[in-house]
Amino acid sequence: MTLAVDDLRVYYRTLKGDVKALDGVTFSVSDGEIMGLAGESGCGKTTLGKSLIRLDGRMQLMGGTVSLDGVRLPLADERAMSAFRFKDVSIVPQYAMSALNPIRKIGRMISELLDSRGVSYRDTRPELSRRLALVGLGDEILDRFPIELSGGQKQRVVMVLSTLMDPSLLIADELTSALDVSTQKAVAEMLVEFRDRGFVKSTIVITHDLAVLYQIADTILVMYAGKLVEKAPAGELTRDPRHPYTRLLIGSLPEVGARISEKRLQGIAGRPPSLLDPPSGCRFRARCPLAFAKCVEEPPFVEIAPGRHAACWKAAA
Amino acid sequence: MLEGGSVTLRLENVTKVFRTGTFGGGATVNAVTGVTFDIRPGEIVSLIGESGSGKTTVGRMILRLTPPTAGSITFDGRDVSTLGGRGLRDYYGRVQGVFQDPFSSYNPVFKVDRVFEMIRRAYLPTVTGSEWRERRRRALEDVGLEAADVLGKYPHQLSGGQLQRLLISRALLMDIEILVADEIISMLDASTRIDVLNILGDLRDRGLGVLFVTHDLALGNYLSDRVVILQHGRIVEMGPTAKVFANPVHPYTRMLLSCVPQLTAKWDATTNDDPRAVPTNPVLQLVGDDHYVER
Amino acid sequence: MTRYLARKILLYLLTFWFAVTIDWMIPRLMPGDPIDGLIGRIQADSTASQNLHGYFTESFELDQPLWQQYLNFWQGLIRGDLGPSITYVGSTVGELMWAAIPYTLALLVPAIVLSYVAGNRVGAMAARRKVLDNTALPVAYVLTAMPYMWLAIMLVYVVSFRWELFPVSGAYDFSLQPAWTWEFARSFLSHWFLPFLTLFLVAFGGWAIGMRNLIIYELEADYANYLQSLGAPNKLVRKYAYGNAVLPQMSGLALALGAVVGGALVTEIVFGYPGIGTLILAALQNRDYFLLQGLFLLIITGVLIANFIVDILYVIVDPRTRTGIQGT
Amino acid sequence: MSSAESRADLVATPEVALTGQGAGDVELGPRGKRFEALHFALRNTKLVIGASVVLAFLALALVGPLLTDATPFEFGYPLGQPPSSEYWLGTTAPGQDVFAQFVYGLRSSFVVGALAAAIASVIGMAVGFVGGYRGGVIDDVLSMLTNIVLVIPTLAVLIIVSAYLSVGSLRSEAILIGLTSWPWAARAIRAQTFSLASRDFVSLARLSGQGTARVILREIAPNMSSYLFLTFILLFGGAVLTAATLDFLGLGPSQVMSLGLMMNTAVSNAALQLGMWWWFVPPGVGITAIVGGLYVMNVGLDEVFNPRLRRT
């Protein structure tokens with residue numbers, strides 16, 4: 001089993017107290033699985049992605065454990081964790097467009113990074129060229145400065161670099177949101193190809209765009225206000241969402257072809273709770289049309305059908 | 001308040017060339033070339049294009065925030081670029097805009113009410129206190145907001161959806177005929193996005209004309225009566241939305257449609273013809289009832 | 001890349017023309033008859049002031065139309081003839097300046113270069129280690145706030161007078177003549193050290209503070225986060241941060257040149273160091289306007305050339321300007 | 001002109017971070033920001049130390065002259081006496097009271113500093129706001145002018161100008177310094193204005209029928225108030241240093257006592273050889289303390305307004 005996360009809790013220290021961005025999540029990702037991680041802004045998906053590789057700034061691990069291929073990851077220990085980074089767990093960051101060092105040629109930056117991790121650039125060079133060609137980039141890109149590349153090209157260089165060590169877990173954070181729709185499709189499909197070619201064992205794709213996840217993800221995990229809401233195979237989740245939040249969310253996404261005159265879609269009233277002191281029980285109950293007395297008690301994130309999980313008292317019905 | 005009229009906002013051969021470098025000596029960028037289309041009250045025209053297609057520049061030129069390099073923009077028969085002082089103010093009384101980033105559209109130092117105060121001084125000076133509050137309440141109601149929930153607050157205390165609705169209600173207060181909505185929902189979460197679109201749909205039914213600028217084909221299709229597709233600053237296809245989306249003719253439009261991720265159908269192979277190829281002297285030809293394609 | 005340098009050259013030529021025009025205009029801007037004003041200050045007796053008046057009028061060619069004066073001024077400039085000096089009768093402004101330049105450069109160049117390198121290194125380290133941040137930086141603040149001439153005075157008083165370690169003033173022993181001998185070199189260096197130290201310390205403070213803040217910003221940059229997410233050691237991240245932070249520091253260097261030159265002038269005066277500073281003081285005291293105007297042009301030209309050198313260095317260090325493509 | 005002044009570009013970094021929308025970042029409104037700014041300001045050691053030093057010397061400048069009936073240029077005191085209970089800072093070789101000279105000198109430093117900084121700030125804001133907001137040819141011309149004046153070493157210009165137009169009063173000296181020290185402020189303010197002018201709320205203001213002046217004063221300036229204050233502090237420090245240098249060269253007003261003039265007379269009266277440290281040490285300490293205090297205050301304020309610089 002590649003990744004097992006158990007009751008992971010990560011808060012942000014701020015002046016006004018702790019923002020409980022990630023409040024106890026438990027799930028697993030098996031070998032070869034591409035898991036989509038979806039949810040609206042502020043639901044904690046980026047925090048989850050970041051905490052699996054590096055707690056930066058004011059993020060603080062409050063509890064929970066994460067193990068990768070059976071080995072427990074020392075998330076809180078910056079130095080010990082760096083041994084795992086790049087080789088076992090890697091990331092394509094949200095800011096991929098500005099992730100390359102502006103004053104270094106791309107080839108030189110890669111070689112310096114590899115040397116610093118004790119990997120010989122000369123031995124890796126052939127594989128690097130092969131992978132660059134795979135994503136449609138020629139060798140001459142290694143001789144260029146980041147400023148000479150387009151957004152899409154930079155994105156692909158970062159993807160190749162982040163997966164160069166064949167990590168067993170890749171976290172792709174908002175991979176496509178900054179790209180044009182034409183480049184978006186090419187980059188998304190590349191992720192699937194990296195999994196098929198065994199460059200990465202399992203992948204977590206973080207995005208707010210459920211439609212992209214439907215195209216490339218095997219399973220989709222939906223988050224809301226720092227908690228898990230529902231996880232299911234991509235097709236089932238989009239066709240037959242069980243949790244009220246997922247259902248309303250999918251209901252508000254217009255398909256190409258849907259017209260307002262024919263079928264008026266409905267959004268979700270209200271807004272997510274503040275995570276400084278989140279409400280007790282189910283955090284969606286204030287906006288949930290199905291809310292009833294029991295919702296004051298927090299619903300566990302349990303299996304409601306083979307391969308399907310949800311955190312709602314009414315989801316199992 | 002809003003009644004459809006013969007009033008038209010017409011863009012004719014509008015072109016915009018940006019110069020970089022000092023004293024215009026540097027390189028030039030053709031952001032918009034030869035754009036021609038109309039917007040009339042009572043209809044929604046969606047202007048669709050990827051980043052760098054010049055769609056936002058077209059919106060800013062209509063709002064007189066950026067001067068066009070060539071071509072003309074006329075409203076109700078008068079050339080917008082010649083309007084000065086009084087004339088420009090009247091124009092803004094009938095044509096308004098809402099921008100992409102709700103949190104950048106409010107001066108962080110003041111409360112949100114200020115967006116209303118600014119137009120009251122300029123456009124409704126004679127309106128008395130009670131009548132002003134009543135008109136404001138009605139405008140807020142039109143966008144599904146309660147005065148008590150939003151007024152007296154700072155921008156950061158409201159959600160993106162609320163802030164954008166406030167800007168729409170600000171425009172409604174001025175009894176406008178055309179609204180330029182420049183990517184107004186791209187910063188909003190999916191669940192609140194659709195409600196803002198529904199508001200635009202309702203306002204269109206009551207006679208408001210909307211130029212809906214977006215990169216999202218699904219939203220453009222959901223909302224608009226007519227669609228204009230831009231590539232590198234040129235119109236490649238234009239016409240009634242249902243027609244254009246039913247059988248797209250231009251390769252670029254077809255490529256865009258094939259790339260949009262759907263929730264029901266998997267991606268098929270991207271169309272093979274090269275969307276980048278620009279014909280020698282491109283001209284918009286009629287290919288069907290009011291359906292134009294660049295050939 | 002050539003466009004970047006061409007623009008810079010245009011700027012410097014414009015600046016030079018602007019400076020020369022100021023230099024030409026100032027005496028003519030004087031209210032009333034400039035010559036009377038000048039002579040009045042020299043307090044010479046009436047007969048001397050009479051022929052001095054003629055001398056000045058003729059040398060300033062005030063009797064000719066303005067545009068003619070302006071052309072002649074430029075012609076003189078191009079021929080390198082900046083007029084005679086009143087203070088040192090018999091020698092021209094050009095000769096005097098030519099003699100003073102080497103001494104000032106001997107002070108300025110090492111001071112600027114060494115303070116820039118040392119300041120950046122210390123600033124970078126201060127951004128890393130808290131202990132340095134709390135010791136080195138406060139010292140840097142004090143140093144950069146110190147007026148050059150005062151630090152010079154204190155060094156002379158403490159080091160030269162009280163500790164008698166270094167000579168009090170001048171550039172070499174009076175008994176010696178400038179020659180390529182070890183003896184002269186040793187004497188020159190011992191006279192040179194304290195003025196150099198003054199310039200070095202004050203300039204050093206400025207760089208350290210600037211670099212410390214720049215490094216902190218760069219360590220927050222996206223590429224730094226990305227490298228750390230890939231487990232890169234801090235050494236590499238800091239190396240990149242330093243590389244990126246040096247660029248704005250370099251453009252800062254171009255800006256600071258004027259200030260350090262100003263500092264050099266007053267430091268030379270305190271140490272009686274025979275450079276341009278001492279010349280300026282003499283010119284001021286004797287109202288030697290030709291010498292003053294010549295020195296003004298010399299300083300401007302020097303700073304412009306230095307700025308241009310820094311721009312060339314900037315192009316070499318920052319690849320973005322070299323590729324000439326300002327982002328896609 | 002002090003090297004630190006040109007450092008200002010780097011110390012007071014152009015983009016004052018308006019607290020952004022980071023995932024964990026709890027956005028604070030203006031009142032919230034003021035609360036947070038105040039909260040950090042009182043705890044920021046750099047700010048507290050810097051401000052207290054500057055205020056101490058300001059107090060000395062205001063109160064000092066009242067504590068002694070001696071005047072700076074008055075002779076008749078014992079010659080060259082070291083500091084004593086009667087003459088707190090001793091006397092000069094020709095028999096003047098050093099303490100009187102020092103406190104009156106401090107006063108003129110503050111006057112010149114404040115006046116020159118005000119002039120330079122006004123010009124800097126005018127050039128910066130118009131250039132940054134207007135853009136186009138106007139911006140190109142103003143930027144070219146700014147760059148030209150920026151490259152020219154201010155001290156060289158001041159030397160030449162004050163040699164001809166003998167500087168009679170503090171006011172004219174401050175005007176001279178102000179007129180030559182505005183460029184870097186103009187450039188920094190232009191960069192800040194440029195980034196704010198592209199924000200949507202400025203476009204919205206134009207759509208609400210606001211004229212250029214109203215947009216600059218009501219929309220852009222309020223968002224830069226903290227930044228403008230930082231700029232003023234650095235200009236103040238720079239002006240004090242420049243004035244001292246000019247006075248030291250004997251180009252400042254000769255009838256007004258200033259710290260620079262003190263050093264000038266001390267050096268020309270061989271105070272160093274005579275070992276009269278109490279004559280030339282205080283003026284230097286005064287200038288270094290005021291200017292150093294201002295710079296430290298500036299960095300402290302920068303940390304308060306730019307959380308990223310704070311070493312939490």
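So you know, we letter chains A, B, ... as the sequences are listed, proteins then strands, and number each from 1.
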Interface residue of largest heavy-atom contact number with chain D, from Leu284(C), Val142(C), Asn307(C), under 4.5 Å: Leu284(C)
What part of Val281(D) gets closer than 4.5 Å to chain C, counting heavy atoms only: side chain, backbone, both or neither? both
Under 4.5 Å from any heavy atom of chain D - which part of Met154(C): side chain
I'd like to know if Asp139(D) and Arg190(D) make a salt bridge, using a cut-off of under 4.0 Å between side-chain N and carboxylate O. yes
Who are the side chain to side chain contact (heavy atoms under 4.5 Å, CB included) partners of Thr21(C), not counting sequence neighbours? Trp17(C), Met25(C), Tyr70(C)
Using heavy-atom distances under 4.5 Å, tell me whether Leu143(C) contacts chain D through its side chain, its backbone, both, or neither. neither
Drop me the distance from Phe280(D)'s CZ to Met263(D)'s CE, to the nearest 0.5 angstrom. 11.0 Å
Relative to chain C, which of Gly250(D), Gly275(D), Gly292(D), Pro283(D) shows the most heavy atom pairs under 4.5 Å? Gly275(D)
Selection from Ile49(D), Val151(D), Ile287(D) maximising heavy-atom pairs under 4.5 Å formed with chain C: Val151(D)
Note: vs chain D, highest number of non-hydrogen pairs under 4.5 angstrom among Gly277(C), Pro147(C), Ser160(C), Ala254(C) is Pro147(C)
Rounded distance [0.5 Å steps], OH in Tyr116(C) versus CD in Gln249(C): 5.5 Å
At a 4.5 Å cut-off on heavy atoms, which part of Val267(D) comes close to chain C: side chain, backbone, both, or neither? side chain
Gap between atom CG of Leu201(C) and atom OG of Ser115(C) - 0.5 Å precision: 9.5 Å
Under 4.5 Å from any heavy atom of chain C, what part of Phe248(D) do you find: side chain, backbone, both or neither? side chain
Report the option among Val270(C), Val261(C), Leu265(C), Leu11(C) that has the most heavy-atom pairs separated by less than 4.5 Å from atoms of chain D. Leu11(C)
Proximity breakdown for Leu292(C) and chain D, heavy-atom pairs closer than 4.5 Å: both
Cut-off 4.5 Å, heavy atoms of chain C, and the answer for Leu259(D) is neither
Counting neighbours of CZ on Phe18(C) that are heavy atoms of other residues, nucleotides or ligands and sit closer than 6.0 Å, is the number greater than 12? no
With sequence neighbours left out, the residues meeting side chain to side chain contact (heavy atoms under 4.5 Å, CB included) with Ser172(D) are Val167(D), Ser169(D)
Any side-chain heavy atom of Val149(D) sitting closer than 4.5 Å to one from Val157(D)? no
